[in-house]
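All values reported here derive from a predicted model rather than from experimental measurement. Chain letters run A, B, ... following the sequence lines, proteins first, then strands; residues in each count from 1.
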There are 2 protein chains.
Amino acid sequence: MDARNLVVTDDEAPGAAVRGANAGEMLRLVATGAAASRADLARLSGLSPSTVSQRVETLIGRGLLREVGAGRSRGGRRPRQLEVPVDTVVIGAVDLGARHARIGTLDLAGRVVESRSLEVRIEDGPESVLGTLLTEVTGLMRGASGPGAVLRGIGVGIPGPVQHSTGRIVSPSRMPGWNGFDVVGFLAGRTDVPVVVDNDANLMALGEHRWQHPELDHAVYVKAGTGIGAGVISGGRLHRGGQGSAGDISHCRVFTADPAPLCSCGNTGCLEAVASGAALVGALRERGLPVQSLPDVMRLIDDGDRHATALARTAGRSIGEILAVVVNFFNPQAVAIGGLLADCEPLLASVRSVLYERCLPLATQTLLIERLGTGADVGILGAGQLVIDRVADPL
Amino acid sequence: MDARNLVVTDDEAPGAAVRGANAGEMLRLVATGAAASRADLARLSGLSPSTVSQRVETLIGRGLLREVGAGRSRGGRRPRQLEVPVDTVVIGAVDLGARHARIGTLDLAGRVVESRSLEVRIEDGPESVLGTLLTEVTGLMRGASGPGAVLRGIGVGIPGPVQHSTGRIVSPSRMPGWNGFDVVGFLAGRTDVPVVVDNDANLMALGEHRWQHPELDHAVYVKAGTGIGAGVISGGRLHRGGQGSAGDISHCRVFTADPAPLCSCGNTGCLEAVASGAALVGALRERGLPVQSLPDVMRLIDDGDRHATALARTAGRSIGEILAVVVNFFNPQAVAIGGLLADCEPLLASVRSVLYERCLPLATQTLLIERLGTGADVGILGAGQLVIDRVADPL
DNA sequence: CGGACTTTCTCCAACAACCGAACTAAGTTT
DNA sequence: AAACTTAGTTCGGTTGTTGGAGAAAGTCCG
């Protein structure tokens, strides 16, 4: 009877040991102030001091990190402080939405330098929309950054299915004229820096995970806005699935009042047809209420309108229903809800309620259920992560 | 405009490059006859000849592989044939079920040497049941294997939630007296080889994935027997989730005829209360039909009983409903259904039908939906994989 | 003030896992 | 017999890592 056999070590989640050890994460640690020196990085990343030294060297060589004098002593030699060259490197990001786009510039830490929203008419087609946005982003960059700043990459989020490997859009539901469009190809022809494209919910997941839950292995991030989507983190990495459509829960069927609403996809009772912002707007208009868009609905709820609040509760229960299956199946450590609808407390409460009611206790006992911790910039933050990972890694 | 930027290489799935390159997989390649020599292994694993040579050397040194003369020439030097020492190394496996347990011995290739079923009374408690099964397995090993055979590890599957990291059982639903039991600790005290424990659906997934879909990155395997569970493969590896409860879809709510059946968990309308073997037995007995157990139900369906078949179809639709959410959310490349109920064609057809109806076309267009390709031994095959991965790796 | 710690960081040897090229070995084909 | 083929090893090199010695630059305490 050998004591060694008593210990069944858990198979380290793949990449878990490396987490915090890739270039993007090191930059973030430095930029957030979590690490100011090589020694700090060694402690936080789990790598040996020698390795950190080496890596820092190559990052400095690439202009992605720099030394800025000595810091305060902690009882020994003073650390040589590190800094991310915020003023010389810029990343562009676009988070395209249904009616609005969020554009921004980010520094190498993945932090937003400047961002703003602008209205877009998605039906103008990809060339027009993306062309304009690209111009806006480069304009933003030139305006905001120092004269020595260099654009190193652009990340784009699309509110529809994107094949991340090719950068193409695949049969989107509310983007006429965009089907099959090669976003990466189009943009790469208009700029000389790397371009990465992904689904908006994926970018949201990436942004929220890195900035709020970097330590979690498995998490689900739901974007409940005009449409409903989700981004999935598995093993610390974005899970895109076999066809890259993972997280697309918008057409899952939910329990509804009897004439199940018809969805744009042709099916009835889809989550999107019941719980999306578009569905709420539609339902309230049918009742003769004066709502034009989702913000109007939110205002009604804030004002305590019974019908609007009831609809929000129903929407929350429907989202919760689907998430209950997701939580049981996937057993994430966190479920976070973002998008405009996440600001609606009754909706969030309903989601929580259904999750606790319909999930295994084992799955919910340590489950975090929360509102997205990051604000309107979460999408471009995610885009920044994607770009930094491509630009900084491989070391 | 730089051509390099046009190429957006897909982030290699983690481990995909290594797949087929770990020790367990090399043994399997040799044992299945897919590879007979070092050169074959190099071709199939993607590793360089020198690396393969090296690895084979260490495997031979560990007694996990051996050389057996030269093979036929293919126009050049004759290969030095390799063989897995089937007669000197044995692995024990137990796949515990509700009323029956499947036990077996496997060779280093992960193939079953001998297996058989035996009845168990799970309510006798873990000490009694596991003690008996351990005795049976060691007996099987001594009987079947050559005199030089050495047991190198034991894998155990449990029909309930298992915390794989500790080897403990956590609040199982139909296993009175097993809650919190430390299976690994118990068995390690009675044998001197490594013991690994996991949920039965996870083992099924592991077995089916390795033997039927080793090339797939993402797949879902459903066990529809007396209970309903699922095993999840993500990134080529078993996904256990944050608490190790991933795949436990038995208490997801499904659409039901009006008085939603009460589940053992206290909720109503659970998948398990509608579509599990136990539920079918119960429903048919309520109608006064003479069924004692799931095989009786299967017989009724085979005989064309209307009620039984209708119930099976309903069960299939319910399973399909949940799987539709799973497929949309997870976007696997394959969904395979095993367990006794998978032999029921009407049920399988209903699952397929609902999946194609309720999933994104993008998610189903290349999705494989099939019956489990491996038979009753799939669980112990999975257990074998788990043990081999522990015994052979790290190289 | 000076010696004894501390902390920070670098240098170097070593290691693990891998690869490619050159080479040996042992065939077959023409 | 020469020319090719296939199989396998040896060896040096690459990459990414670690650990330890030790240099650099402090603080602290008697």
Practice problem: In whole angstrom, give the distance that lies between atom CG of A/L82 and atom P of C/dT8. | Solution: 12 Å
Self-check item: Distance in angstrom units between B/R80 CZ and C/dT24 C1', rounded
Solution: 12 Å
Exercise. Under the side chain to side chain donor-acceptor pair (under 3.5 Å) rule, collect the residues that match up with B/R168, sequence neighbours excluded.
Key: none
Quiz item: Rounded to whole angstroms, how far apart are CD on A/E57 and C1' on C/dT8?
Solution: 14 Å
Quiz item: How close or far is atom P of C/dC9 from atom CG of A/L41, stated in whole angstroms?
Solution: 9 Å
Quiz item: When you measure from the side chain of B/S37, which nucleotide among C/dG20, D/dG8, C/dT8 comes out closest?
Solution: D/dG8
Exercise. Measure from the side-chain heavy atoms of B/L47 and tell me the nearest of C/dT8, C/dC18, D/dA7.
Key: C/dC18
Quiz item: Under 4.0 Å: is that the gap between some side-chain N or O of A/R43 and OP1 or OP2 of C/dT8?
Solution: yes
Quiz item: Roughly how many Å is it from CD in B/E67 to C1' in D/dA7, rounded to a whole number?
Solution: 12 Å
Quiz prompt | Contacts of type side chain to side chain donor-acceptor pair (under 3.5 Å), residue A/D198, not counting sequence neighbours | solution = A/N202, A/R240
Practice problem: Anything under 30° is parallel, anything over 60° is perpendicular, the rest tilted; go ahead and classify A/F330 against B/H239. | Solution: parallel
Quiz item: Quick one: the side chain of A/S50 and the base of D/dG19, do they pair up donor-acceptor inside 3.5 Å?
Solution: yes
Quiz item: Which whole-number value in Å describes the distance from A/Q54 CD to C/dC12 C1'?
Solution: 11 Å
Practice problem: Quick one: list whatever passes side chain to side chain donor-acceptor pair (under 3.5 Å) with A/E83, sequence neighbours left out. | Solution: A/R66
Quiz prompt | Test side chain to side chain donor-acceptor pair (under 3.5 Å) applied to A/T51 - qualifying residues, sequence neighbours left out | solution = A/S48
Practice problem: Could you state the atom-to-atom distance from CZ of B/R38 to C1' of C/dA25 in whole Å? | Solution: 13 Å
Quiz item: Rounded to whole angstrom units, what separation is found between the CD1 atom of B/I60 and the P atom of D/dG8?
Solution: 11 Å
Exercise. Could you encode protein contacts along nucleotides 24-30 of chain D as a string, one character per nucleotide from 5' to 3', using B for base contact, S for sugar-phosphate-only contact and - for no contact, with a heavy-atom cut-off of under 4.0 Å?
Key: BBBS---
Quiz item: With A/A39, which residues qualify under side chain to side chain contact (heavy atoms under 4.5 Å, CB included), at least two apart?
Solution: A/S37, A/R43
Quiz item: Regarding A/R111 and the six-membered ring of A/W211, is the cationic atom NZ or CZ under 6.0 Å from the ring centre and inside 45° of its axis?
Solution: no
